[in-house]
*Asks:* 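Let me give you the structure first, and then I'll get to my questions.
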Amino acid sequence: MVKVSDLIAEFLKEKEIEVVFGIIGSANSHIFDSINKLGYTKIINTHHEQAAVMAMGAYYRASGKLSATIVTAGGGASNCITGVVSNWADSIPGIIISGNESSVYIKEQEYLRMYGTQGFNIAKMVKDVTKYSHCLLDEKDTQSELEKCYNISNSGRKGPVLLDIPFDIQGKQTPIRQWAKGVESVNFNVNESNYIIEQINNSKKPLILGGHGIRLSGAKNKFQELINATGIPTTLTWSGIDLLESNNDNFYGRFGLYGQRASNFIVQNCDLLIVLGSRLALPQTGYDFDQFVREGKIIIIDIDTPQFPLDKVDKYFKTDCKDTISSLITKLDEINSIDSDWKKYCNKIRTEYPWIDKEHAHNTHYTNSYQFMDKLSNHLKENHIIVTDMGTALLSGHQAIKLKPNQTMFTSLGLGEMGYGLAGALGAAMACPTKDVLCLNCDGGIMMNLQELHTIIENGLNVKIIIFNNDGYLMIKHTQKMLFKGNYVSVDKGTGIGLPNFSKLLPAFGYNYFSLSHNKVTDQTINTFLNHDGPAVLEVFMDPEQGFLPKVKGVKKEDNTILAPPIEDMSPLVSKEQLENSMLVKLSNKSDQIKR
């Protein structure tokens, strides 16, 4: 016989879960005590439960190793929900174990809104945003439920699970047996790879789109092997941003509403789009699905149903893309060489539309964030991990950064919650303590999880932080310009969003402070900041009204009504003549209607 909380600690050791995140409370104190006594798993004590669950997911993103979060009852459980939804949206596995009131209250008072002192049904509350959630009311089920959580979280389309364990159950004795093994796998039919090869060989303008599913399936290296061997032009989603190095000859950028202009042109002019591990969400395809790859075939290989309408897809294979890629690699000699005219077109477009263009010029007083990111890329180490928050950090980061082969970059893209950056950097640094971690943040976003600045310091983690100071919420300023004629509300200091003096606040936490407060991005400042021995922050002061360009946005028609253009028609708009010269397929009728 073994105490339930001791069994939980043994489970973590059995599954080689070396790090868990959480906050102690009365309702989970047995579990904390058992983990500490066993001495295998390190507990990282965060200062908010949402940050603990975000860090748990980032730990997996950075290392591919599973982690867990331990939260208490009441507010501890409810606080974790944002992190749960974030990992659910991005298919990130992890196990959340919550303490709760004693089982007698749950059994006798489950019909009440609250039970015991601060109990509520957290398992029911997160049912729709976890792969599995369960309240453990019989101690004899502990071992099987832990195994079930582990297997479900890691199988198929991955995601978080939650096991709620009442306080009295944690202290009870239960039988123990040998741990079960195994996670279900998905098999790929070789006939499906034959179909894909046939379509490639019949195509004149094939394009591969790499997404997040490639990383989740552990197929990054195989994906690179496939692309380098076939020479098929390739574009990436933001969530798959680090699957190929930016200077790879076959890489043609990141596409979408906030994509790179050249990449959008190439996507729209292909005659075959092979989608590996992406759900083709609206931020990628644009607002009008009929306009996306309108003269080409689309083949999707993903482990779950895509967001893109299946009636507009020529073939959808519901399978693990790692199996697909592996099968294709065994048949490389059957794949024809890529048409030289198509490669010439892709190279021409890539040259004509660079990532940093005239719209990214510095203004008189401020640093342009795109220019800054371009310069910063040259200073990052070969194995740097870059974690971004939202706003400027997200947009400038993903549109302008140049990544090297062994660098890792991620953020929360499904939920897109402000505050992810610090928690994500914390998780990444715990997962990869020998690597440098850079957190790209903003003056607004960093406030959402500011308390984790100290968690990073307390654990001596190798994290540097960049804060883009744009006086509040820059993306919402642009929204208010578009919808309300620039009538600002709750977006900057003048309209009620007061932000602290970071030059005083960050040193109080223990960070060395650097700043760029002019329009000259100096290599020396960046180099000194990145190579500072110890925690450091660089505050980059940018134009409080700077645009995020290029982007696909609503534009005026000749009659002054608003039209959603296809993704090749990005703002700032190019002339109709230039647009036609950049297209191989017929111009969209929507582009004909735009007032330029």
*Asks:* What's the separation between atom CE in Met448 and atom OG1 in Thr82, rounded to the nearest 0.5 Å?
*Replies:*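 One gets 11.0 Å once the value is rounded to the nearest 0.5 Å.
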
*Asks:* Could you tell me the separation between the CD atom of Glu139 and the CG atom of Asp168, rounded to the nearest 0.5 Å?
*Replies:*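 Answer rounded to 0.5 Å: 8.5 Å.
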
*Asks:* Tell me yes or no: between the side chains of Tyr370 and Gln399, is some donor less than 3.5 Å from an acceptor?
*Replies:*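 Result is yes, a qualifying pair exists.
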
*Asks:* Going by heavy atoms in the side chains, are Leu146 and Gln143 under 4.5 Å from each other?
*Replies:*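 No; the side chains remain at least 4.5 Å from each other.
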
*Asks:* Do Glu539 and Asn469 pair up side chain to side chain, a donor and an acceptor below 3.5 Å, judged on atom types alone?
*Replies:*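 Yes, Asn469 and Glu539 have a side-chain donor paired with an acceptor closer than 3.5 Å.
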
*Asks:* Is there a donor-acceptor contact under 3.5 Å from the side chain of Asp90 to the main chain of Leu413?
*Replies:*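 Yes: the side chain of Asp90 pairs with the backbone of Leu413.
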
*Asks:* Should the pair Lys322-Asp320 be classified as a salt bridge under the 4.0 Å nitrogen-to-oxygen rule?
*Replies:*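 No.
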
*Asks:* Parallel under 30°, tilted from 30 to 60°, perpendicular over 60°: which one fits the rings of Phe509 and Tyr511?
*Replies:*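 Correct class here is perpendicular.
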
*Asks:* Quick check: does any side chain N or O of Ser5 sit under 3.5 Å from a backbone N or O of Ile31, one acting as donor and the other as acceptor?
*Replies:*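 Checking the backbone N and O of Ile31 against the side chain of Ser5, no donor-acceptor pair under 3.5 Å is found.
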
*Asks:* Less than 6.0 Å separating the ring centroids of Phe468 and Phe372?
*Replies:*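 They qualify: ring centres under 6.0 Å apart.
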
*Asks:* For the residue pair Asn383 and Asn406, confirm or rule out a side-chain donor-acceptor distance under 3.5 Å.
*Replies:*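 Checked: Asn383/Asn406 side chains show no N/O donor-acceptor pair below 3.5 Å.
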
*Asks:* For the pair Glu147 (side chain) and Ala180 (backbone), establish whether a donor and an acceptor sit closer than 3.5 Å, ignoring hydrogens and angles.
*Replies:*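 Looks like yes, one N/O pair under 3.5 Å.
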
*Asks:* Using side chain to side chain donor-acceptor pair (under 3.5 Å), reason through Gln50 and Asn449 one step at a time and then give a plain yes or no.
*Replies:* CA-CA 9 Å; Gln50 72 168 0; Asn449 261 326; 3.2 Å; yes

*Asks:* List the steps, then state whether side chain to side chain donor-acceptor pair (under 3.5 Å) holds for Ser144 with Asp141.
*Replies:* CA-CA 6 Å; Ser144 60; Asp141 294 336; 4.6 Å; no

*Asks:* Can you confirm whether or not the ring centre of Phe514 sits under 6.0 Å from the ring centre of His532?
*Replies:*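 Yes: the rings meet the under 6.0 Å criterion.
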
*Asks:* To the closest 0.5 Å, what do you measure between OG (Ser103) and OH (Tyr105)?
*Replies:*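 Ser103 OG to Tyr105 OH: 10.5 Å, rounded to 0.5 Å.
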
*Asks:* Look up atom CD1 in Ile466 and atom OG1 in Thr392, then write down how far apart they are to the nearest 0.5 Å.
*Replies:*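 The CD1 atom of Ile466 sits 12.5 Å away from the OG1 atom of Thr392.
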
*Asks:* Answer with yes or no after comparing the ring centroid distance for His478 and Phe548 against a 6.0 Å cut-off, counting only values under it.
*Replies:*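 So the answer is yes for these two rings.
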
*Asks:* Inspect the contact between Lys493 and Asp471 and indicate whether a charged nitrogen and a carboxylate oxygen are less than 4.0 angstrom apart.
*Replies:*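 Here Asp471 does not pair with Lys493 in a salt bridge, since their nearest N and O are not under 4.0 Å apart.
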
*Asks:* Using a 6.0 Å distance limit plus a 45 degree cone around the ring axis, check whether Lys15 lies over the aromatic ring of Tyr150.
*Replies:*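 Yes.
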
*Asks:* Thinking salt bridges, do Lys13 and Glu18 make one under a 4.0 Å N-O criterion?
*Replies:*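 Salt bridge absent between Lys13 and Glu18.
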
*Asks:* In Å and rounded to the nearest 0.5 Å, what is the CZ to OG1 distance from Arg61 to Thr411?
*Replies:*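 OG1 of Thr411 is found 7.0 Å from CZ of Arg61.
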
*Asks:* Once rounded to the nearest 0.5 Å, what's the spacing between atom CG of Asn470 and atom CG of Asp492?
*Replies:*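 Spacing of CG (Asn470) from CG (Asp492) equals 10.0 Å.
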
*Asks:* Could you tell me whether the side chain of Ser515 and the main chain of Ser517 form a donor-acceptor pair under 3.5 Å?
*Replies:*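 Absent.
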
